[in-house]
Every structure is written in structure tokens, then in C-alpha cells.
Amino acid sequence: MSHPHTSADPSDPHGIRASADGTGLLLTVFAAVVALSLANIGLSTSIGPGKFTLPMQLLIGTVQAGLVAYYFMHLRHGDKVVILTALSSLFWMGIMFVLFLGDYMTRQYVVTG
């Protein structure tokens with residue numbers, strides 16, 4: 001029985017090099033993550049606190065996390081179980097944030113006797 005990632009190359013028996021991303025692609029993604037970090041820093045220093053600063057910074061951070069997960073954590077080459085695991089971890093983390101923020105935002109309404 002052959003492994004699904006085996007290659008015909010005897011120097012690569014497990015097919016690691018065959019399924020690896022190219023160096024150019026990884027450098028491009030890395031440059032995009034660094035550029036988004038610089039954009040985030042520039043947004044916070046040039047504009048300062050404003051109405052849309054936090055949502056824009058959160059959006060930039062989400063895009064960065066998505067790029068890192070998709071390319072550097074190899075979700076791009078992952079099977080359905082790996083992708084389902086990543087999405088379920090995001091789902092449970094969202095539940096934890098909602099519960100934490102619900103507790104934090106309603107602390108002022110607790111009546112102490």
C-alpha cells in the first residue's frame with residue numbers, strides 16, 4: 001500500500017518536497033504580512049484614536065492571521081479534518097470571547113448587598 005504523498009523521487013520518499021510551497025510564494029506572503037503590520041502601525045500613529053481605527057486594525061489583524069494560517073500553517077494543503085479542526089477552534093474561541101465580554105460588560109449591574 002503506497003502513501004498518498006509518496007513521490008517517484010527516491011531522495012524524497014515521503015513526498016515532502018513535492019507538496020512544499022515555493023520559496024517565492026512564501027516570501028510574498030511574508031512580505032504581505034509585514035506590509036500589513038506596517039500599515040497597522042501607521043494607522044495607529046498617523047490617524048490616532050478615531051471611530052474606525054479599532055475596526056480597521058482588527059480587520060488587518062484578521063487578514064494577517066488568515067494569511068499565516070493558510071500558508072504557513074499549511075491549511076492550504078490540509079485535508080478536510082484539519083480545516084474542520086481549525087474552524088472549530090475559531091468557533092469555540094468566539095464562544096469564549098462572547099461569554100467573557102458578556103460577563104465583563106455586565107459587571108456594573110451586579111447588586112452587592
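In the hydrophobic clustering of ILVMFWY residues, with side-chain heavy atoms under 4.5 Å counting as a link, V34 and Y70 come out together. Residues I83 and M73 do not share a hydrophobic cluster, clusters being chains of Ile/Leu/Val/Met/Phe/Trp/Tyr side chains in contact below 4.5 Å. Under the 4.5 Å side-chain heavy-atom criterion for grouping Ile, Leu, Val, Met, Phe, Trp and Tyr, M56 is not connected to L58 through any hydrophobic cluster. Residues L36 and L54 are members of separate hydrophobic clusters, defined by side-chain heavy-atom contacts under 4.5 angstrom among Ile, Leu, Val, Met, Phe, Trp and Tyr. L59 is not connected to V33 by any chain of hydrophobic side-chain contacts under 4.5 Å among Ile, Leu, Val, Met, Phe, Trp and Tyr, and they are in different clusters.
A 4.5 Å side-chain heavy-atom check between W92 and I95 finds at least one atom pair inside the cut-off. No side-chain heavy atom of F30 sits less than 4.5 Å from a side-chain heavy atom of Y71.
Taken from OG in S44 to CD in Q57, the straight-line distance is 5.5 Å, to the nearest 0.5 Å. Here the straight-line distance linking atom CG of L38 with atom CG of L43 works out to 12.5 Å at 0.5 Å rounding. In this structure, N40 CG and T53 OG1 are separated by 10.0 Å, a value rounded to the nearest 0.5 Å. Separating the CZ atom in F91 from the CG atom in L84 is a distance of 11.5 Å, to the nearest 0.5 Å.
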Decide side chain to side chain contact (heavy atoms under 4.5 Å, CB included) for V82 and T85; before the verdict, give the C-alpha distance in whole Å, the side-chain angles of both, and the deciding distance to 0.1 Å.
CA-CA 5 Å; V82 173; T85 303; 5.7 Å; no

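For M105, there are no side chain to side chain contact (heavy atoms under 4.5 Å, CB included) partners, not counting sequence neighbours.
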